[in-house]
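One structure below.
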Amino acid sequence: CSTFSQTSCDECLKNVSCLWCYTNKTCIDYPVRSILPPSSLCSLSDARWGVCWINFEALIIAMAVVAGLILVSITVCCCYCCYCRRRSRSRLDEEEEQLARKREERRLQSLQRKHERKLKHDEIRKKYGLLQDSDNPYSRFENE
């Protein structure tokens, strides 16, 4: 990388392992052992890596903002999905309870109507003498 010193930023950054410092216009090897280049080597506002149009400080801030936005959006999506699932489950349970109650009401109404019909039919049978004795349900039917 030192061979590209005193040339241009574009020439220096063609090699990915190089770092350009604007203060003294030098091209130096990127310090791989430390994540950020130390300020004794070059200040972050004057260091360029990858592209010449953005300094290292702004690059770090931009990457942190993008990573933060991604994490926040993932967290919001997960919370929203969990809340919706819980809410939809409770809604389904409520609907199921309502359907069961309505079904039971209809069944009770049906039984009540059946009982009323039976009473009405028994009255008609009694009126016309067709009601059989409960003592002897197998009595012979006679035509008179």
Side-chain angles (χ1 to χ4, degrees), residues 1-139 141:
C1 287
S2 58
T3 57
F4 295 112
S5 291
Q6 302 301 330
T7 58
S8 70
C9 177
D10 292 324
E11 291 293 322
C12 174
L13 295 182
K14 283 182 182 176
N15 188 351
V16 182
S17 64
C18 294
L19 178 75
W20 178 259
C21 189
Y22 261 115
T23 52
N24 51 8
K25 294 188 191 247
T26 56
C27 187
I28 50 178
D29 287 323
Y30 188 85
V32 185
R33 293 185 184 186
S34 61
I35 296 173
L36 301 174
S39 58
S40 62
L41 198 60
C42 188
S43 67
L44 289 178
S45 58
D46 292 328
R48 304 289 193 265
W49 179 71
V51 288
C52 292
W53 53 270
I54 189 167
N55 63 25
F56 207 81
E57 192 174 36
L59 184 67
I60 291 170
I61 292 170
M63 288 172 63
V65 167
V66 169
L69 286 174
I70 289 172
L71 286 174
V72 167
S73 62
I74 288 172
T75 304
V76 167
C77 287
C78 289
C79 291
Y80 180 74
C81 289
C82 291
Y83 175 74
C84 285
R85 284 184 184 165
R86 190 177 330 122
R87 191 170 171 199
S88 67
R89 284 181 191 154
S90 65
R91 209 181 274 163
L92 288 174
D93 291 344
E94 288 174 13
E95 287 178 7
E96 194 173 311
E97 279 184 34
Q98 267 185 337
L99 288 174
R101 270 186 270 139
K102 286 181 181 179
R103 194 177 311 122
E104 184 64 22
E105 286 174 11
R106 285 192 300 261
R107 189 183 69 79
L108 289 175
Q109 288 173 353
S110 171
L111 286 174
Q112 185 179 2
R113 286 192 304 266
K114 186 176 181 182
H115 181 70
E116 288 172 0
R117 277 194 311 271
K118 185 181 181 305
L119 289 176
K120 197 173 193 181
H121 289 155
D122 285 348
E123 283 179 22
I124 293 171
R125 286 184 186 111
K126 188 176 181 182
K127 179 180 176 182
Y128 292 103
L130 299 174
L131 191 64
Q132 297 175 349
D133 291 337
S134 59
D135 307 353
N136 188 7
Y138 298 108
S139 63
F141 183 74

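Here the CH2-CD1 distance, from Trp20 to Ile28, works out to 10.5 Å after rounding to the nearest 0.5 Å. Taking CD from Gln109 and NZ from Lys102, the interatomic distance works out to 12.0 Å, rounded to the nearest 0.5 Å. Atoms CG and CD, from Leu111 and Glu116 in turn, are 11.5 Å apart once rounded to the nearest 0.5 Å.
With sequence neighbours excluded, the residues satisfying side-chain contact (heavy atoms from CB on, under 4.5 Å) with Val66 are Ile70. Checked against side-chain contact (heavy atoms from CB on, under 4.5 Å), Glu95 has the following partners two or more places apart in sequence or in another chain: Arg91, Leu92. With sequence neighbours excluded, the residues satisfying side-chain contact (heavy atoms from CB on, under 4.5 Å) with Ala58 are Ile54, Asn55. Scored by the side-chain contact (heavy atoms from CB on, under 4.5 Å) test, Leu71 finds no partners at all (sequence neighbours excluded). Residues forming a side-chain hydrogen bond (donor to acceptor under 3.5 Å, both in side chains) with Glu104 (at least two apart in sequence, or on another chain): Arg107.
At distances below 3.5 Å, not a single donor-acceptor pair connects side-chain atoms of Ser110 with backbone N or O atoms of Arg106.
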Per-pair distances, 0.1 Å, donor-acceptor, side chain in residues 122-130, under 3.5 Å, sequence neighbours excluded:
unit_1, atom_1, unit_2, atom_2, d
Asp122, OD1, Arg125, NH1, 3.3
Asp122, OD2, Lys118, NZ, 3.3

